[in-house]
**Student:** 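Pasting in a structure now, in structure tokens, and then I'll have a few things to ask.
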Amino acid sequence: MESSSHHSEEDLKQSADRALKERLHKAFSPAMPINDVDAFYGRYEELERLSEAIDEPGMHIMLYGERGIGKTSLANVIFARDPSLHFIKITCTEREGFTNLWRHILTQLKSNIGKSFFSQSGHTKKTNLPAAAFENFKAHIDTALTDSERKSLSTETIIKILHPLPKKLVIVLDEFDVAAKQETVSQLFAGLIKTFSDRLPQITLLFVGIANNSTELIAEHPSLERCFSQIMLKRMNMEEMSDLLTGCLLKVKLTTDGEVKTLLLTLAAGFPYYVHMLGKYAAESALTHRYTVITKANLKASVEKAIRNTFASIVTAYKKATQPNINFPPRAKWFYSEVLEAAAQFKPQNDFIHTPEHLTEPSNEEICFSAKELLPFISIKAAAFDDQAGQYPKKVSLALSQLTRSSRGTVLRKIPRLTSHTPVQYQFENPLLRAFILLKLYLK
Ligand SMILES: Nc1ncnc2c1ncn2[C@@H]1O[C@H](COP(=O)(O)OP(=O)(O)OP(=O)(O)O)[C@@H](O)[C@H]1O
Ligand SMILES: [Mg+2]
């Protein structure tokens, strides 16, 4: 009798846990791009610019920005918002040359053209798109080319296939940065854009990829200026992040007070990915304690879990970067982590931030720093190197330069000097690493 009531209590607890997990999954999606208009926040200006560029006949688009900033979500939402917009989407992979990318696109055209966003993204939702309009076109794809034309697809053969397209179509090439690593791909697409713009105005190519600068993805070409719209997706500002967090929390009937919210958003550093992740774990902690408001303790629990579950690659890079140097005196053993922590917290214009509470808007550009600028803020002072007096500033320069090497995980990148008088400057190679280090500091 006793054991059976014990069992049912266990069962109840387990099913309550499961129900909680399910609610959290529905509200927060740190691991998946957004597909749904209702779960998408902010980005008004970018949505507007993207829509306008898509509407413009002969215009092609590059949507670029940092890793995890929300590029795929933004592109998804454009089609979810307007189900009458025809599109197909491929995700580029490495080693796919120009011809293979186009084969990939043609396969997608045959299987998905005329289907709505929801059926393409795996959702089941009835579509009212006139798929029939494309039937003749699909048949034409099969017969348009000779076998030899099919072997190596040239711009001319691609135009021959696409020319009879009956309606406006957007072709999305997501993760184009991966394909653009091959210089020929980037050059061939640059040529293609110009030709498409002149001869196939009903087609829009939408390139999506990680880059600091659009020319990293598409070779520079003066004639592209008028037919190529470049949209950089920046980090989210406080307001966008705040709307996102509030929206997600509302779905699990939670709120935050001003201070905890500001802290969480500051740690998220403009990345919607971190807002989802920190929000989810903080909500989990609060709901487990049956709170209705997220407390500082919940946030702390969330940060701990976020660090455990964050991208494995970031943790690996961080460990590699900060491994102790056995040749340093014992007190300077953790010199590399001190240097990286100073770099993560560094803000230009002497506006050095000691605690996350004082951070305000996330910066939209990866901050640059020189050895000299970091010097005053590294807590292991010259004294730790007392066996080599006077060598300390050089040690900082050396550490920064070593953090750009693969032996220390290539966590920093050297910025080319403008003149021989300007000091050597560095940036974080992966901006998420900065956020990761700030999270670690918060726990200290
Ligand atoms: N506007 C938004 N509103 C709500 N959540 C968002 C928004 N944009 C992005 N996200 C969330 O942020 C995370 C990253 O988004 P997404 O995958 O779209 O970024 P990405 O730039 O395509 O990343 P990658 O560079 O890895 O391809 C996801 O968890 C997604 O759910
Ligand atoms: Mg993406």
Side-chain angles (χ1 to χ4, degrees), residues 24-51 61-81 89-94 117 121-123 172-181 206-214 216-217 231-252 264-265 267-283 302 306 309-314 362 364 366 428-433 435-436:
L24 288 168
H25 283 317
K26 277 192 188 133
F28 301 90
S29 62
M32 272 187 28
I34 300 290
N35 285 320
D36 202 334
V37 182
D38 296 333
F40 186 84
Y41 294 87
R43 309 306 203 182
Y44 306 107
E45 206 188 306
E46 291 90 347
L47 276 171
E48 205 43 51
R49 279 190 65 196
L50 190 52
S51 284
I61 307 154
M62 168 65 64
L63 173 62
Y64 67 100
E66 293 172 285
R67 179 186 301 282
I69 209 70
K71 304 178 290 297
T72 303
S73 301
L74 180 70
N76 284 349
V77 163
I78 283 286
F79 303 108
R81 260 194 350 173
K89 175 173 161 179
I90 65 160
T91 301
C92 304
T93 56
E94 233 159 313
F117 172 75
S121 65
H123 293 237
V172 185
L173 296 98
D174 200 0
E175 302 189 10
F176 190 70
D177 52 298
V178 177
K181 279 185 191 142
L206 170 53
F207 301 90
V208 180
I210 300 170
N212 295 313
N213 185 307
S214 69
E216 287 172 25
L217 302 180
I231 303 178
M232 176 176 145
L233 194 56
K234 294 194 278 197
R235 295 195 189 171
M236 280 187 155
N237 61 34
M238 277 297 198
E239 203 182 325
E240 286 173 306
M241 287 197 292
S242 169
D243 288 349
L244 166 56
L245 180 67
T246 310
C248 291
L249 288 176
L250 193 69
K251 291 181 194 154
V252 287
L264 192 153
L265 298 184
L267 292 170
F271 288 92
Y273 164 68
Y274 274 117
V275 178
H276 277 273
M277 185 161 68
L278 292 172
K280 181 174 185 178
Y281 298 151
S302 157
N309 292 11
T310 200
F311 294 151
S313 64
I314 294 184
N364 261 319
E366 214 23 67
F428 276 94
E429 181 66 47
N430 179 350
L432 290 180
L433 183 68
F436 172 78

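All of these numbers come straight from a predicted model, not from anything done at the bench. Atoms within a ligand are numbered from 1 in the order they appear, just like the ligands themselves.
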**Student:** Can you measure from CG (L206) to CG (L50) and round to the nearest 0.5 angstrom?
**Tutor:** 6.0 Å

**Student:** Rounded at 0.5 Å granularity, tell me how far CD1 in I34 sits from OG1 in T72.
**Tutor:** 11.0 Å

**Student:** Can you check side-chain hydrogen bond (donor to acceptor under 3.5 Å, both in side chains) on R43 and S73, steps first, answer last?
**Tutor:** CA-CA 10 Å; R43 309 306 203 182; S73 301; over 6 Å; no

**Student:** Can you find an N/O atom of R43 closer than 3.5 Å to an N/O atom of ligand 1?
**Tutor:**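 N/O-N/O distance under 3.5 Å: no.
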
**Student:** Can you tell me how far CG of L233 sits from CZ of R49, rounded to the nearest 0.5 angstrom?
**Tutor:**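 The distance works out to 10.5 Å.
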
**Student:** Give the minimum heavy-atom separation between G279 and L249, together with the two atoms involved.
**Tutor:**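 For G279 and L249, the tightest heavy-atom pair comes out as O-CD2, 4.5 Å.
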
**Student:** Should one rank A39, G70, S29, P30 by closest heavy-atom distance to atom 8 (N) of ligand 1, which comes out on top?
**Tutor:** G70

**Student:** Between I69 and ligand 1, is there a nitrogen or oxygen pair with a distance under 3.5 Å?
**Tutor:**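 Min N/O separation from ligand 1 is below 3.5 Å for I69.
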
**Student:** Using side-chain hydrogen bond (donor to acceptor under 3.5 Å, both in side chains) as the criterion, list what pairs up with Y64, not counting sequence neighbours.
**Tutor:** none

**Student:** Tell me which protein heavy atom sits closest to atom 28 (C) of ligand 1, plus the residue, atom name and distance to 0.1 Å.
**Tutor:** M32 O, 3.3 Å

**Student:** Would you indicate which of G42, P272, S73 comes nearest to atom 18 (O) of ligand 1 when only heavy atoms are counted?
**Tutor:**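 Going through G42, P272, S73 one by one, S73 has the nearest heavy atom to atom 18 (O) of ligand 1.
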
**Student:** Considering only heavy atoms of F40, which atoms of ligand 1 have at least one such atom less than 4.0 Å away?
**Tutor:**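 Answer for ligand 1: 1 (N), 2 (C), 3 (N).
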
**Student:** Using a 3.5 Å distance criterion without hydrogens, assess whether the side chain of S302 forms a donor-acceptor pair with backbone atoms of L278.
**Tutor:** yes

**Student:** In the protein, which heavy atom is nearest to atom 3 (N) of ligand 1, and how far is it?
**Tutor:**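 Checked against all protein heavy atoms, atom 3 (N) of ligand 1 sits closest to Y41 N, 3.0 Å.
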
**Student:** Below 3.5 angstrom, do we get any N/O pair linking I210 and ligand 1?
**Tutor:** no

**Student:** Take every heavy atom of M236, measure it against each atom of ligand 1, and state whether any distance is under 4.0 Å.
**Tutor:** yes

**Student:** Identify the closest protein heavy atom to atom 20 (P) of ligand 1: which residue and atom is it, and at what distance?
**Tutor:**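 Ranked first by proximity to atom 20 (P) of ligand 1 is K71 N, 3.4 Å.
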
**Student:** When you measure from atom 27 (O) of ligand 1 to every protein heavy atom, which one gives the shortest distance, and what is it?
**Tutor:** T72 OG1, 4.0 Å

**Student:** Do you know which two heavy atoms are closest between I210 and E66, and how far apart they sit?
**Tutor:** CG2-C, 4.3 Å

**Student:** Taking both backbone and side-chain atoms of G68, is any N or O found less than 3.5 Å from an N or O belonging to ligand 1?
**Tutor:**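 By distance alone, the answer is yes.
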
**Student:** Checking the side chain of K71 only, and the main-chain atoms of M232 only, is there a donor and an acceptor separated by less than 3.5 Å?
**Tutor:** no

**Student:** In chain order, what residues pass the ring-ring contact (aromatic ring centres under 6.0 Å, His included) check against F436, with sequence neighbours excluded?
**Tutor:**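 Counting only residues at least two positions away or on another chain, F436 forms a ring-ring contact (aromatic ring centres under 6.0 Å, His included) with Y318.
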
**Student:** Closest approach of K251 and A27, non-hydrogen atoms and distance?
**Tutor:** CB-CB, 3.7 Å

**Student:** What is the distance from atom CZ of F176 to atom CD1 of I90, rounded to the nearest 0.5 Å?
**Tutor:**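 Output value for this atom pair is 9.0 Å.
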
**Student:** For the Mg ion (ligand 2), which protein N/O/S atoms are closer than 2.8 Å?
**Tutor:** T72 OG1

**Student:** State which residues pass side-chain hydrogen bond (donor to acceptor under 3.5 Å, both in side chains) with D38; sequence neighbours excluded, sorted by chain then number.
**Tutor:**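 Not a single residue meets the side-chain hydrogen bond (donor to acceptor under 3.5 Å, both in side chains) criterion with D38.
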
**Student:** Tell me: protein heavy atom nearest atom 5 (N) of ligand 1, and distance?
**Tutor:** H276 NE2, 2.9 Å

**Student:** Report yes if some N/O of R67 lies less than 3.5 Å from some N/O of ligand 1; otherwise report no.
**Tutor:** no

